[in-house]
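Chain letters run A, B, ... following the sequence lines, proteins first, then strands; residues in each count from 1.
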4 protein chains.
Amino acid sequence: MDDANRLSPRKTPVQRRGRATAEAIVEAAAHILEAEGLAGFNTNAVAARAGASVGSLYQYFPGKEAILAALARREADRFAAALDATLSRVAAAPLDEAITAMAAVAVAHQSSRPRLARLLDGEEQRLGLGDEAQAATRGTADRLARFLAGRPDLDLADPNEAAADLLHLARGLIDGALERSAASDLAGRVTRAALGYLGAASGC
Amino acid sequence: MDDANRLSPRKTPVQRRGRATAEAIVEAAAHILEAEGLAGFNTNAVAARAGASVGSLYQYFPGKEAILAALARREADRFAAALDATLSRVAAAPLDEAITAMAAVAVAHQSSRPRLARLLDGEEQRLGLGDEAQAATRGTADRLARFLAGRPDLDLADPNEAAADLLHLARGLIDGALERSAASDLAGRVTRAALGYLGAASGC
Amino acid sequence: MDDANRLSPRKTPVQRRGRATAEAIVEAAAHILEAEGLAGFNTNAVAARAGASVGSLYQYFPGKEAILAALARREADRFAAALDATLSRVAAAPLDEAITAMAAVAVAHQSSRPRLARLLDGEEQRLGLGDEAQAATRGTADRLARFLAGRPDLDLADPNEAAADLLHLARGLIDGALERSAASDLAGRVTRAALGYLGAASGC
Amino acid sequence: MDDANRLSPRKTPVQRRGRATAEAIVEAAAHILEAEGLAGFNTNAVAARAGASVGSLYQYFPGKEAILAALARREADRFAAALDATLSRVAAAPLDEAITAMAAVAVAHQSSRPRLARLLDGEEQRLGLGDEAQAATRGTADRLARFLAGRPDLDLADPNEAAADLLHLARGLIDGALERSAASDLAGRVTRAALGYLGAASGC
DNA sequence: CATGAATGAGCCTTCATTCAT
DNA sequence: AATGAATGAAGGCTCATTCAT
């Protein structure tokens, strides 16, 4: 349990105050990452920005990386939620329309806090991101895979692989574009690539 | 010149011994990054692995980030070289064939030292990668852009944007796949996405 | 605030323990300077002698120079206090008597920890000694200047200059004498020079 | 002989080139001290500024401190020479005139490279300044002592002590004044103090 | 539970000195 | 003799983590 729980929150705070503190810490981490990058991300700074003491921080998180994991989980959850909403909305729509909608969701997510998103993308792999924390990320891919598998107009050998590929290519393309501030019609560009990948290019 | 040269090598070694040391340091950095990630990447470890002393390391590089920059440059150069070779070979080939060839080059490059490639992709943006060091990366995109612009069967509004997008989506897709050890027909997958992006999907 | 506060204490400790630590560090610095000179003055040694850890040291001082500054300030304050006491005692005394008393104070101060005093005299100028830290030194000169300006038996064009000159000549003379262990009637020698400087030589 | 010669030049270079190099090194040290203080004074910088290699530097000086010692000696010699010239010129003059002339020499010396002079004053005591190197400094005091002893209008108990005291008070006063850029009638101020010290104040 | 002072391993970097060429 | 690359001890400083209050 020592190493396994390295990334899990130390305790699920039941009391209101506790939860609020934990959330403040995670949000403080997000702020700092967005504003100063990994270099400025240290437990003292996070605690200070969260209006808590280091001691409290360690009450809720077993260590620095666990905060990152919680933050990654939070972001993944948010993305998953946004994707879910869209997926159910476009379940019956034509494929290109559905993909366009999802691309827009992805672009919106990565755009809202671009630096944060990019950093988390990078860290997600570095930390093994213990199974539990990775669940959220996995969840997104699973949902997308199910969507793809359910489309009668697609005949994918491995929907899980496709889902993961699409997520990664979209992330790569979007992060790169945001870095270069080349955001015009970004969703459209992602859509073209995705449809092409799925063997259903729009231009046909 | 103080902050500007933060990433440039400190002195270009003239003597054979010096050049060998500088190269050994860069290669040692690559080894360590591949084997232990950024966590194990510190000047003492790099120097030790290179069979040199810290003092020597600082003779050739103004700091640890400069080593990273040199390594990134080296890898970018290698990729650019491989791409160049392929580009000239497939200049006249049908588009899908040309793209397939380039995808294969990209997959090969990222696969040879997957962890290293991924780490460098992440760091490349973190360091501003001073103009000079970024030249190599830029170079790759420029070459690809020229290739795309020259294709009569493509009519791209902005070849530079397209080139950058293709590079980034390919990196995203490939890195993600390698992380999951899902490498089967990787080049094919990349090709489909690329052709789709270019509005020339293979399946038409 | 970054460079400006290079010499100011980092945090004013509120708790008793904290203040004690900060003071122990300053006193440790004094001990080391007296015993081993600037060569032995390093953060590890100071912290060790203070019975604290480097970490604590850096909690209270932003760097080693700040410790020097704090020490210089402490010594200047002590000297100023001693001078103050004497000044009020001899305010109405004949000039030569007053100067003799002050010379005795200066000799006593520099003699109590001669090496320390000499080192601080040397360092005081090297560090710019930020305005705040310099205040104490300035204070001494100001007090003396006021005293000189108030003497009816003196007619000085620039009492501030005279005060600074007297302080410096006394320091030079005393430090030099202590170095040579030539301390007999030191206060008398200083007094003669001072009275001469003031144009009121005793021998007239 | 190991520790004893720590401060002596390693070899008295007989060949012209050797002497030139040694002198260049000493002058480079002076330049650096004047321009950047002790912080910038390191063997690599000195060698570079002297147009020599570190290796050559170590050919002529056993270590870093020896360069300082040589420089101190050079400056002391120059001062002694200037003082000698003046002493012989004013041997028969009235005391206040003679002292005034010497004060002017001291002011001129300390003013020509004020930072250098102050630094050397500080270092002179720190290094033990091996007997030989100290000889020059001693020499100045001896000359002055002889002059004082020879004056029929003075009756000093200990001319050596008086000479040393005068030199030190003058240095303290002058260095302090130059630091504050308060140089007007500096020689006059020194003279008043000196005459007062000698019990022969000008104002009588 | 909260606080924040204390700890100290760890890492970066400099520079005096040596020595192979 | 000269050169300058190499060495590595030494020291400055940070920050994750612990623990007394």
Side-chain angles (χ1 to χ4, degrees), chain A residues 11 13 15 17-18 21 39-48 51-67, chain B residues 11 13-22 39-48 50-65, chain C residues 11 13-22 39-48 50-65, chain D residues 11 13 15 17-18 21 39-48 51-67:
Chain A
K11 75 172 66 168
Q15 292 139 37
R17 185 164 51 144
T21 301
F41 179 68
N42 64 60
T43 52
N44 291 301
V46 170
S53 65
V54 237
S56 290
L57 186 155
Y58 275 89
Q59 196 86 179
Y60 295 109
F61 299 93
K64 182 195 204 200
E65 308 243 293
I67 304 172
Chain B
K11 85 165 65 160
V14 233
Q15 297 173 16
R16 174 162 14 280
R17 184 167 50 144
R19 186 158 40 244
T21 301
F41 179 70
N42 66 60
T43 51
N44 291 306
V46 170
S53 64
V54 238
S56 289
L57 186 155
Y58 277 92
Q59 196 126 110
Y60 296 110
F61 300 93
K64 76 191 296 220
E65 307 240 297
Chain C
K11 85 166 63 161
V14 231
Q15 298 173 15
R16 176 167 6 286
R17 184 165 50 144
R19 186 160 39 246
T21 302
F41 179 69
N42 65 61
T43 53
N44 292 306
V46 170
S53 63
V54 237
S56 289
L57 185 155
Y58 278 93
Q59 197 127 109
Y60 297 110
F61 301 93
K64 76 192 295 220
E65 308 240 298
Chain D
K11 75 171 68 166
Q15 293 140 39
R17 185 163 53 142
T21 301
F41 179 68
N42 65 60
T43 51
N44 290 300
V46 170
S53 64
V54 236
S56 289
L57 185 154
Y58 276 89
Q59 196 85 181
Y60 295 108
F61 299 93
K64 183 196 204 198
E65 309 243 293
I67 303 171

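The phosphate of E/dT13 has OP1 or OP2 within less than 4.0 Å of a side-chain N or O from B/Tyr58. In this model, the phosphate group of F/dA5 is not approached by any side-chain N or O of B/Ser56 to a distance below 4.0 Å at OP1 or OP2. Contact check, B/Ser53 against F/dA6: no side-chain N or O comes under 4.0 Å of OP1 or OP2. Look at A/Thr43 and you won't find any side-chain N or O under 4.0 angstrom from OP1 or OP2 of F/dT17.
Taking atom C1' on both F/dT21 and E/dC1, the two are 13 Å apart, rounded to the nearest angstrom.
B/Thr43 contributes atom OG1, which lies 4.0 Å from atom OH of B/Tyr58 (distance to the nearest 0.5 angstrom).
Counting non-hydrogen atoms under 4.0 angstrom, C/Ala52 reaches the backbone sugars and phosphates but no base. Contacts of B/Asn44 with the nucleic acid, taken as non-hydrogen atoms under 4.0 Å apart, include base atoms.
Of the candidates F/dA5, E/dA9, E/dA6, the closest approach to any side-chain atom of D/Val54 belongs to F/dA5. Closest contact between the side chain of B/Asn42 and the listed nucleotides E/dA5, E/dC11, E/dT13 involves E/dC11. Closest to the side chain of B/Tyr60, out of F/dA6, E/dA2, F/dG8, is F/dA6.
Look at F/dA1: it lacks any Watson-Crick or wobble partner with both distances under 3.5 angstrom.
Rounded to an integer number of Å, the gap from CD of A/Glu65 to P of F/dC15 is 15 Å. Per the geometry, CZ belonging to B/Phe61 stands 12 Å off P belonging to F/dA6, to the nearest Å.
The residue among B/Gly55 and C/Leu57 whose nearest nucleotide of DNA chain E is located toward the 5' end is C/Leu57.
Nearest heavy-atom pair, A/Asn42 versus A/Lys64, reported as atom, atom and distance to 0.1 Å: CA-CE, 4.2 Å.
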